[in-house]
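Remember, it's 1-based here, ligands and their atoms both numbered in the order they're listed. One-based numbering along the sequence shown.
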Amino acid sequence: MNIKFPNDFLFGIGSSSYQIEGAHDKDGKGESIWDRYTETHKELIVDGSDGKDACKSYEFYEDDVQALKDLQVQFYRFSISWCRICPDGDSAKLNQSGIAYYNNLINLLIDSGIEPMVTIYHWDLPQKLQDLGGWTNPKMADFFEDYARVIFTLYGDRVKWWFTINEPHLHSVFSYGQCLRDKLPVHAPDVRFLGISEYLAGHVMLLSHARAYRLYQKEFYSKQRGKVGIVLDAFNFIPASNKIEDINAAKRTRTFEVEWLLHPIFSSTGDYPPLMKKIINEKSLAEGRTRSRLPELTADEIELIKGSSDFLGINHYTTYLAADEDVGDKPSFYNDAGFNATPNPNSFSPSPDWIKMEPEGFLDLLNWIKNTYNNPPVFITENGCGDVQEYDDKDKIYYHKTYLQVILKAINEDGCKIIGYSAWSLLDSFEWSSGYTEKFGFYRIDFTDPKRKRTPKRSASYYRNVIKTRSIDFKFPD
Ligand code: BGC
């Protein structure tokens, strides 16, 4: 097998604003839903922590760029905090200090030979917009389009890769529903109108994404010539047994978990997946409703959304076993989908325990995307695992090596169009409801140090070697 990555394949690494920036109320930044949630729901964060200070990247972004230079990455995927730019979420009121912060970061990246790639929204919604209903408010599409216009205008002369919304499916289900496992909300803002709010939030995010995409094409593309795409969380789901029920459950799980928001953009017909529409509609009518709990897309909306992404960004961490099961509160996203998905108990888990090493599952997913959606350009926008080994994070190296190996196979042998890889993540950061207990970073942060010293782990030298040689060193670490 050809063990080299193609010359134009892009290697980089990622982060997100709330997870690393800190400075939660500095220099005019507004309150985000995560500021509020960590303040009012400490009991729902594993270690009771928050992102008030996090890695202090707002203050020490130069250290981040130094780490990126040491890694020799080609790009850095970071997100912009909406309420640092528009404190209330209102694009008529801009915060100059916030604008300057991202200008400085972008300029320093460019001066360092690193391409800035920007996620416009990675879950830290301005609290004021949440007070208006957040993503369940259809008006959000206007707010998001206006915010995107501000961002394209400010930074589009230098930023040529845009990711609109990070993981709208997970954000909808975890923030506007609940976690299947323990029935708790997992993410801010904790709106639980089960079976309704999850779908509404996903629907509005999908429309908001499409509006931002069309806006860029109409008002910015001719001058800026950038690429705009969505980032979907895409685990793979394989049947837990040979039973036909489980085989069908795995298909259904993939439909609900991945295709719900992929199909409207990347299929030739557009719209939500027919299977999902059918299931939710039938259940809704049986519940005595007059219409489906899954909002309908109009013919115009279907057209607006179809094709609204220059590439498919996917965040992939693992593969789960899916079994047919009547689960979850009724109605709810999980009850509609009717599956139970669990990590394979027989596979190696580097850390945390929701991640199992299933590289073949990733290969299968990549080929499924290629075959089902006409081989779109795929950008792997997140992939990685945590560690418990501090500096000598061998398991993390093993994870990345094995996953990169199947990506190479997908490109070179199977003909999948994969254009880039963004490892997750640059720094140990605030891992949402897991607080600081999960350590995905290639750089360790000393959270007791006021300067938050960044120290490379062994994975950093491994990744640098991959980027330098554009191939995988199978002997490393020996
Ligand atoms: C999110 C990241 C998060 C990672 C690991 C992804 O779903 O986009 O923000 O840190 O998972 O939990």
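Between Leu170 and ligand 1 there is no heavy-atom distance shorter than 4.0 Å.
Protein heavy atom at the shortest distance from atom 1 (C) of ligand 1 is Glu382 OE1, 3.3 Å.
Residue Phe193 qualifies as open at atom CZ: its count of foreign heavy atoms under 6.0 Å is 12 or below. The environment of Lys370 atom NZ is dense: over 12 non-hydrogen atoms of other residues, nucleotides or ligands sit within 6.0 angstrom. A 6.0 Å sphere centred on NZ of Lys417 holds more than 12 heavy atoms belonging to other residues, nucleotides or ligands. Enclosure of atom NZ in Lys453 is not indicated, since only 12 or fewer non-hydrogen atoms of other residues, nucleotides or ligands lie within 6.0 angstrom.
Judged as a ring-ring contact (aromatic ring centres under 6.0 Å, His included), and not counting sequence neighbours, Phe60 has no contacts. Every residue meeting the salt bridge (Lys or Arg N to Asp or Glu O under 4.0 Å) condition with Lys29, not counting sequence neighbours, appears here in chain and number order: Asp35.
Side-chain rings of Trp34 and His187 approach one another, their centers coming within less than 6.0 Å.
Interface of Tyr317 with ligand 1, defined as ligand atoms under 4.0 Å from a residue heavy atom, comprises 4 (C), 5 (C), 6 (C), 11 (O). Residue Asn166 has at least one heavy-atom neighbour below 4.0 Å for each of these atoms of ligand 1: 8 (O). Of all atoms in ligand 1, listed by their number and element, those nearer than 4.0 Å to a heavy atom of Glu431 are 3 (C), 4 (C), 5 (C), 10 (O), 12 (O). Within the listing of ligand 1, atoms 12 (O) sit less than 4.0 angstrom from a heavy atom of Trp354.
Remark: ligand 1 and Trp424 share an N or O pair separated by less than 3.5 Å (distance only, no angle test). The distance criterion of under 3.5 Å between nitrogen or oxygen atoms is not met by Trp123 with respect to ligand 1.
At a heavy-atom distance under 4.0 Å, no atom of Asp233 approaches ligand 1.
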